[in-house]
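Remarks on the structure that follows.
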Amino acid sequence: MLYTMKDLRVSRLIISLNEVEIDIVLSILKENKQKTYLLLFTAIEQLKTTSLTKEEIYLRVYKKKWSTKLDANFRTDLSRLADFIENCLVEDRLQKRILTDRKLRAEEKLNLFADLKLAKELEKEYEQSLAAYSYDSMFQNQLTEKFANYIIKSANNISERNALMERVHHNYTAQSHQQQNIMNAKRHYYKCIQNYYFKQINGNYLEEINFETHKDIFENEDVLEAKYYYLLGIANLRLDVSFNENELVYYHQLENIALQLLQQSTTFQPQFARAYHIIATRYSILGDFVKANLYYQELLDKTPQKHWMNYSISILNYITNLSKLKQFDKALEYLKLLEYESKKDEKLKSDYTIRLLSCYLFMNNAPAILTTIANVDYNSLQPFEKIYYRLCQCNAYLMQKEFELAYNEINNLLRSKLMQEIDADYLPVTELISFLINAIFKNGKLKLTTAQLHQFELLRLKHDTIQFPYLKHYSPYLWLKQQLSLL
């Protein structure tokens with residue numbers, strides 16, 4: 001079987017490890033009797049920066065040439081090393097969870113009292129835990145099941161069993177009602193997300209869902225977390241539709257519920273952050289960057305800084321808005337925050353570079369734009385990234401008054417397979433940019449004639465009916481409109 005080292009599970013695993021995880025694995029490998037694991041790990045780790053074949057790695061580790069006869073044993077060692085690394089890291093996570101997961105400790109405390117048959121302590125712990133986790137019906141039911149099993153197996157007096165089981169039944173019924181409502185709401189949320197992706201691919205919804213048609217469902221919902229997921233699902237689904245002032249009311253309902261959940265428990269911090277990200281994104285799509293940034297900032301203010309990397313997409317969107325508002329010092333400050341992490345994560349690196357280009361664009365820094373683009377491996381980019389880079393390059397040429405270069409680049413882009421087949425969603429906004437660049441080239445200056453302005457307005461009205469609303473404030477397009485005072 002033909003394979004390359006980077007195709008293997010062990011290689012993908014090692015390449016994905018961060019510095020802390022590498023240190024954990026290395027410290028354990030150094031104590032392990034199987035010294036081959038350490039040699040293999042060290043060799044495979046070099047794949048992050050160096051291209052090595054299986055033959056080269058085999059020679060380094062085993063000090064002899066690879067052959068097909070030896071490959072089965074080699075693959076076995078690699079598979080066992082992958083298992084070993086996974087087990088080490090899972091063990092480390094479990095150790096950390098023991099120290100930090102309060103629910104795990106509460107559950108084990110209940111197990112302890114049940115095993116020791118300490119009925120009074122068990123009953124007291126059960127009642128305290130139910131109160132402490134009143135916001136988590138699923139966990140309450142787990143505790144209730146444990147308490148019920150103890151009563152059935154261990155309680156002596158039949159009257160006592162009856163009284164305790166009556167309480168268990170009452171608790172379980174109420175908690176199951178909450179749990180079922182939350183599960184139904186989450187199912188609705190996932191349906192909305194899938195519906196959103198379907199529209200991105202096909203241009204129409206799989207199922208028509210909006211706030212008004214589903215108003216009765218979430219307004220009559222009595223479980224706060226369930227109401228949150230109903231609203232969150234529709235808010236996601238309606239994220240990039242055209243402006244509808246009535247719908248903003250529901251985004252603010254989502255905001256209020258997210259705040260209430262966060263007040264109940266800090267365990268709802270991810271739900272709070274998700275809601276605020278969606279609200280901020282909605283305002284950003286509508287072009288209200290100031291309002292959007294209030295929500296992005298509040299999201300970060302209410303999130304411990306050690307968890308900020310969990311919300312890197314919110315920080316990246318915040319940076320884009322800051323650059324559009326020409327708040328460059330703040331934008332660059334947040335970019336600096338992401339710089340280190342971006343070097344270890346290819347997806348984050350790509351997103352980081354796009355935001356860096358956005359900053360340079362609104363700073364009118366043509367040399368920085370062109371240098372940044374020149375230092376990127378163009379072939380590794382996604383289609384939408386290639387379009388963004390080339391449009392930024394066009395704008396950099398305009399900054400330098402190299403109008404012919406901009407004209408040639410935009411027309412080459414429009415004729416490319418990239419625009420016509422691969423990512424046609426960006427065709428309307430690119431055609432608008434193309435019209436403006438062609439007019440600039442014809443005029444020999446960054447200014448349009450009255451006739452060209454009229455033509456542009458007609459073209460814009462045509463495209464505004466078909467392009468995704470978020471493209472109206474697409475950075476390369478927005479920058480060019482600002483230069484021509486077309487806002």
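One-based numbering along the sequence shown.
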Tyr283/Tyr251 aromatic ring centres below 6.0 Å: no
Distance under 6.0 Å and angle within 45° of ring axis: Lys227 vs Phe218: no
Lys302/Glu298 ion pair, N-O < 4.0 Å: yes
Arg167/Glu127 ion pair, N-O < 4.0 Å: yes
CD1 on Ile85 to CD1 on Ile14, rounded to 0.5 Å: 4.0 Å
Phe362 six-ring centre to Lys326 NZ/CZ under 6.0 Å and within 45° of normal: no
Note: Asp83-Arg9 ion pair, threshold 4.0 Å (strictly below): yes
Gap between atom CD of Glu125 and atom NZ of Lys146 - 0.5 Å precision: 12.5 Å
Parallel, tilted or perpendicular: rings of Phe384 and Tyr426 (30°, 60°): parallel
Sub-4.5 Å side-chain heavy-atom contact between Tyr318 and Lys330: yes
Nearest-0.5 Å distance that lies between atom OH in Tyr296 and atom OG in Ser314: 6.0 Å
Carboxylate-amine/guanidinium contact Glu55 Lys65, below 4.0 Å: no
Charged N-O contact under 4.0 Å between Arg105 and Asp101: no
Residues Lys336, Glu333: salt bridge by 4.0 Å N-O rule: no
Inter-residue atom distance Gln269.CD - Asn310.CG, 0.5 Å rounding: 8.5 Å
